[in-house]
Amino acid sequence: MTTTTQSTAFSARTRGMRAMLLSGAASALVATPAFAQDSEQLAAASTTDQPAIVVTGTRITNPNLEQSSPIQVLGQDELDYRQATNAEELIGELPGITPGVSNSVNNGSAGIGTLNLRGLDSRRNLVLLDGTRIVPASLFSETDLNTIPVALIERVEIVTGGASSVYGADAIAGVANFVTRRDFEGLEAALTYGITERGDGERLRGDLTLGANFDDGRGNAVLSIGYQEVDDVLMGGRTFSQVGRGRSGAPQGSGTSVPTRISSTVPGGGGVNQLSPDGTTLVPTYNTFNFSPFNYLQTPFERYNVYASADYEITPGIEVYSRAMYNKTSVRLRLAPSGLFGDTWQFPLNNPFINETIRQQICASPVVAIDPATCTAAGAATDPTDPNYLEVPVTINRRLVEQGPRNTTNTFNQFQLWAGVRGGLSDTIDYDVYASYGETQRNLTRQGWGLKSRVQQALRANDATTCQDPSNGCFPINLFGGGVGTNIDPRSVAFFDQPTGFADTMTLAVVNGSIFGDLGERGFFTETPVGFAAGVEYREYNATRVADVSEGTQDEVLGTGAPAPSFGGTYDVIEGFAELIIPIVEDVPGFYSLQAEGGIRVSDYSNTGTSVTWKAGGSWEPFQGVRLRGIFQRSVRSPNIGELFLPVTTGLTGLAVDPCAGTNPVGNATLTAICIAQGAPAALVNAGVISQPSAEQINLTTGGNPNLDPEIAESYTIGLVLTPPQVPGLSVTVDYYDITITDAITQRTPDDILNPCYGPNSDGNGTDPSVCALVVRNPLNGSLNGGGDTPGLTPPLTNQGTLETRGVDFRVAYNLPTSFGSLNFDLNGNWTDTLKFQAVPGGINRECVGQYSSNCGFPSQTQGGSITPEWSFNLRSTVSIDDIADISLLWRWIDGVDYERILSRAGLDPQFESIDDASYFDLTIRSNVSENFDLTLSVFNLLDRDPPIVGNSVGTSSQNAGNTYPSTYDTLGRRYSVTGRIRF
């Protein structure tokens with residue numbers, strides 16, 4: 001479902017383009033195709049024919065030398081079939097890749113798309129463009145996949161299992177390298193339009209690419225211009241996500257609702273009570289707020305991108321080249337209306353909008369404790385100079401529905417320049433020297449959030465129309481009128497609804513020089529020579545955040561969860577690296593080929609000192625078509641700027657049940673003492689009236705740590721590659737991987753704090769009472785909700801974590817020629833045996849394969865809570881019919897998963913305890929309509945499978961939303977896409 005404004009704007013821009021594509025689709029069904037390529041030429045672009053030219057994972061370019069690291073490749077056919085709007089859609093659903101942040105993430109998104117290899121977090125892998133780094137798009141050195149110029153991508157190569165010795169830090173889990181087309185000549189224009197069967201979520205992508213050779217082929221220049229737009233889909237537009245459901249399966253809204261809730265004493269009211277429907281008194285809470293329908297299932301964005309490259313051979317052996325890339329992206333996010341989320345307020349007892357009954361109920365609260373006479377006198381005070389005037393500390397929950405939804409716009413301006421010289425030093429040795437500089441500017445603006453200081457100013461009112469302090473156009477705020485929750489005057493909304501924002505700037509400068517090639521024309525005992533690469537690289541990272549006063553102040557912007565104070569940081573690194581691939585034996589019985597591989601990189605960081613990464617491996621082909629490969633790698637990742645320097649702030653994390661809430665501590669002296677020591681008022685603990693977490697979220701206080709050290713990973717892979725000459729067109733790969741990360745930069749999960757503090761039964765019998773100091777409660781109501789006076793959980797960021805994963809990647813591809821063309825089958829799968837996370841020594845070493853919760857998915861400062869199934873595979877089956885069409889069906893299968901097995905099921909809806917396996921089918925037809933025009937039609941989620949329902953609170957808010965996991969399971973339903981492409 002789209003808003004009227006957005007839908008109208010999108011339709012106006014695309015009406016003509018959409019009509020052109022639809023008419024083209026109709027023409028394709030009646031025209032007689034004339035293919036520019038025969039089936040053999042199409043097959044040559046398929047993934048099965050790509051490995052011979054793959055060099056990602058090594059700087060050695062001799063195609064006769066097979067590297068030992070496993071590589072997954074997406075070729076041109078796969079790119080065409082997916083009709084992706086951006087790069088995150090190309091690789092986000094591949095087996096072995098855990099969902100990162102995508103346009104399915106609304107609450108917690110920074111407006112970028114990230115890669116999460118092996119489920120080890122997006123900070124532990126690299127995204128490259130033609131083997132070079134891309135300027136980060138976040139303070140945590142994450143690359144935005146959406147900056148990749150998709151129109152020029154020839155293939156995507158993914159190396160898993162560690163590549164730090166080749167590409168440096170951050171490549172612990174691996175590398176995704178997007179390889180662009182070289183020496184493009186001609187004109188190519190493409191237009192893609194997509195829409196869901198429900199008529200929303202429209203997508204548009206247009207690209208124009210021009211290329212030409214010049215000076216008798218000594219030079220080439222390419223220019224590509226692109227535009228992409230994706231319309232929103234609201235949770236209110238799908239029946240399964242219109243009403244948020246809690247742990248029990250029942251509808252669950254937020255305690256920040258309408259009418260207002262405020263600290264008071266009402267029998268059975270729990271210490272925070274709600275205005276009655278007639279507005280005359282405070283009663284126990286009876287109405288919560290359904291926040292779900294306001295949120296996005298698909299976040300809208302608009303993007304312009306320009307990519308240009310040029311190269312020129314000055315003389316034989318000397319070629320100069322350059323590249324330039326620019327992206328401007330606007331990503332919109334939306335949350336339910338802002339509110340007063342249980343913060344502490346100084347409430348004047350002469351507020352003109354309350355009656356004497358409500359005033360006395362507030363005064364009777366244990367945290368206020370004012371006698372009735374004093375309370376009445378304070379209510380009659382005329383102004384702050386009156387000696388009877390009193391303000392009392394209270395917590396207030398009130399949804400500001402009059403202000404409308406919270407809107408956030410992330411605008412990115414990113415550019416990067418490369419310039420270099422390359423060529424040959426001899427017939428067998430080449431060189432490449434280049435420099436690169438990139439900059440990303442992210443401007444975040446908020447509208448519809450509200451400022452706390454201005455709400456506080458509006459609470460202090462002389463009468464219904466006059467503030468005590470009338471500055472800046474103050475108009476009193478009525479939180480109590482009528483009880484229906486829509487009584488805040490528009491003049492008051494205009495006063496406290498002020499835009500806020502901050503700007504992040506990230507820069508990356510790189511200078512790299514390398515030589516590579518062959519040591520001679522043949523090896524020591526082989527015809528194939530020894531391959532080598534060596535070089536040096538310098539990199540400098542800078543990041544700054546400049547926030548306005550409101551964004552930089554804790555609690556000032558209502559509903560943000562955490563402020564964004566200004567800060568900055570920088571570090572640089574100089575590295576030397578070298579690689580060798582040595583053929584040992586070839587073309588003898590039992591040794592068709594045998595080769596060894598090694599590499600080393602020495603890095604000197606300005607912030608963490610010197611570190612060494614290395615790899616050693618080899619491959620053995622006993623006879624043609626059967627090859628065994630294996631490699632061991634020691635990788636190192638130095639902390640990034642966000643991990644080092646991010647200021648400590650208070651935000652939110654998930655928690656369904658607070659051990660100190662309700663009557664749980666009553667009668668338990670040990671638990672009562674713990675709750676009181678954490679800051680809860682003794683009277684409320686003993687009365688058993690502390691509230692459970694609001695919307696199953698609590699406060700979390702955390703930040704960077706300048707004393708962090710690098711984390712260390714050891715990984716190895718062992719694999720088998722079968723390409724039997726007896727079965728032409730068949731290739732089989734099976735690779736086992738094992739990655740262990742020690743000294744990992746992590747922080748405790750909520751359960752890593754609650755279990756050792758309160759015990760597994762929440763009775764105060766924890767194994768490590770010292771951990772209880774990491775819990776700091778609201779001083780007024782004892783809850784873990786509130787503003788900056790409620791730190792909540794306070795886990796520091798440390799090097800105490802351990803991460804471990806192991807499993808098997810497998811692929812079977814077969815191309816069978818037929819009388820009518822060919823049949824192609826490509827099965828790409830993953831089995832994850834283990835994925836463990838231990839935040840601190842002695843803590844829970846939790847297994848997260850095939851499980852979901854707020855603890856799994858390695859929660860971090862950037863993301864967390866995603867699902868890693870035990871088994872998953874993609875099977876693409878394609879029928880190529882000569883001179884007619886390619887018909888391709890993709891089957892994507894995800895194994896069933898369970899709610900984290902070590903957690904209590906108490907109060908959990910049995911239907912939320914597991915998710916069945918899921919199958920999705922995408923059907924694509926590609927046809928050449930004429931010599932210069934081809935058309936691709938797709939139906940995604942062909943069977944219109946609904947997502948599984950598990951409620952809103954079993955995982956983190958970034959991955960568990962709309963009662964499901966929208967980054968893992970399809971929430972949009974059946975959708976259609978058409979692409980028309982002209983080539984000359």
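Reckoned from all heavy atoms, side chains included, excluding hydrogens, waters and symmetry mates. Computed from a prediction, not measured in an experiment: that's the story for all the values here.
When all heavy atoms are compared, the tightest approach of Ser241 to Ser292 is O-CB, 3.3 Å. Among all heavy-atom pairs drawn from Gln692 and Ala656, the shortest one is OE1-O, 3.9 Å. Taking every heavy atom of both residues into account, Gln361 and Leu282 meet most closely at OE1-N, 2.9 Å.
In this structure, Asp548 and Phe502 have side chains that are not in contact, with every pair of non-hydrogen atoms separated by 4.5 Å or more. Leu646 has its side chain within reach of Phe140: a pair of non-hydrogen atoms, C-beta onward, lies under 4.5 Å apart. Looking at heavy atoms from C-beta onward, Pro563 lies in side-chain contact with Thr649 at the 4.5 angstrom threshold. Side-chain contact between Asn350 and Thr382: absent, with no pair of heavy atoms (C-beta onward) separated by less than 4.5 Å. Counting heavy atoms from C-beta on, the side chains of Leu700 and Pro795 come closer than 4.5 Å. Side-chain atoms of Cys467 and Phe495, non-hydrogen and from C-beta on, never get closer than 4.5 Å to each other. Between Leu400 and Leu340 the shortest side-chain heavy-atom distance falls below 4.5 Å. Side-chain contact between Asn146 and Asn327: absent, with no pair of heavy atoms (C-beta onward) separated by less than 4.5 Å.
Under the side-chain hydrogen bond (donor to acceptor under 3.5 Å, both in side chains) criterion, Arg545 pairs with Asp504, sequence neighbours left out. Judged as a side chain to side chain contact (heavy atoms under 4.5 Å, CB included), and not counting sequence neighbours, the contacts of Ser338 are Phe341, Gln403, Arg406, Leu558. Judged as a side chain to side chain contact (heavy atoms under 4.5 Å, CB included), and not counting sequence neighbours, the contacts of Glu439 are Phe415, Tyr437, Gln441, Thr505, Thr507.
Under the 3.5 Å distance criterion, with hydrogens and angles disregarded, a donor-acceptor pair is assigned to the side chains of Glu142 and Ser122. Judged by distance alone, the side chains of Gln498 and Ser550 never bring a donor and an acceptor atom under 3.5 Å apart. In this model, a donor atom of one side chain and an acceptor atom of the other lie less than 3.5 Å apart for Thr650 and Thr701. Inspection of the Ser254 and Arg399 side chains reveals an N or O donor paired with an N or O acceptor under 3.5 Å.
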Next on the checklist: With side-chain hydrogen bond (donor to acceptor under 3.5 Å, both in side chains) as the criterion, how do Gln457 and Ser471 come out once you've worked through the C-alpha distance, each side chain's angles and the decisive distance to 0.1 Å?
Outcome noted: CA-CA 9 Å; Gln457 184 180 347; Ser471 63; 3.2 Å; yes
Next on the checklist: For Ser257 and Gln274: C-alpha separation, side-chain torsions, deciding distance, then whether side-chain contact (heavy atoms from CB on, under 4.5 Å) applies.
Outcome noted: CA-CA 9 Å; Ser257 182; Gln274 194 163 34; 4.2 Å; yes
Checklist entry - Could you go step by step and tell me if Ser138 and Ile112 meet the side-chain contact (heavy atoms from CB on, under 4.5 Å) rule? => result CA-CA 8 Å; Ser138 82; Ile112 64 175; 4.1 Å; yes
Item to check | Thr329 vs Val331, side-chain contact (heavy atoms from CB on, under 4.5 Å): CA-CA, chis, key distance, verdict | outcome: CA-CA 6 Å; Thr329 306; Val331 179; 3.7 Å; yes
Checklist entry - Please walk me through it: do Glu356 and Thr376 pass side-chain hydrogen bond (donor to acceptor under 3.5 Å, both in side chains)? => result CA-CA 7 Å; Glu356 183 64 16; Thr376 298; 2.6 Å; yes
Next on the checklist: Determine whether Arg442 and Asn410 satisfy the following criterion, side-chain hydrogen bond (donor to acceptor under 3.5 Å, both in side chains), listing intermediate values before the conclusion.
Outcome noted: CA-CA 7 Å; Arg442 172 198 179 198; Asn410 286 283; 2.8 Å; yes
Checklist entry - Should Thr466 and Asp463 be marked as a side-chain hydrogen bond (donor to acceptor under 3.5 Å, both in side chains) after you check the CA-CA gap, both sets of side-chain angles, and the distance that decides it? => result CA-CA 5 Å; Thr466 308; Asp463 54 46; 3.1 Å; yes
Checklist entry - Passes side-chain contact (heavy atoms from CB on, under 4.5 Å), Arg334 versus Leu234? Steps please. => result CA-CA 9 Å; Arg334 174 179 290 181; Leu234 288 167; 4.2 Å; yes
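A salt bridge links Arg238 with Asp200: the distance from a Lys NZ or Arg NE/NH1/NH2 to an Asp or Glu carboxylate oxygen falls below 4.0 Å. Ion pair Asp658/Arg777 flagged as a salt bridge, since at least one NZ, NE, NH1 or NH2 atom sits closer than 4.0 Å to an Asp/Glu carboxylate oxygen.
Residue Thr344 forms a side-chain contact (heavy atoms from CB on, under 4.5 Å) with just one option from Ile396, Asp789, Val394, and that option is Asp789. Between Arg261 and the choices Thr395, Asn273, Thr285, the side chain to side chain donor-acceptor pair (under 3.5 Å) rule is met once, by Thr285. Exactly one of Glu551, Glu556, Gln447 qualifies for a side chain to side chain donor-acceptor pair (under 3.5 Å) with Thr500. That residue is Glu551.
Here Phe412 and Phe301 keep their ring centres 6.0 angstrom or further from each other.
Note on ring orientation: taking the six-membered ring where Trp is involved, the planes of Phe480 and Phe347 are perpendicular (angle over 60°, cut-offs 30° and 60°).
Interatomic distance, CG of Leu644 versus CG of Asn705, reported as 8.0 Å (0.5 Å rounding). Taking SG of Cys474 as the reference point, atom CG of Leu459 lies at 9.0 Å (rounded to 0.5 Å).
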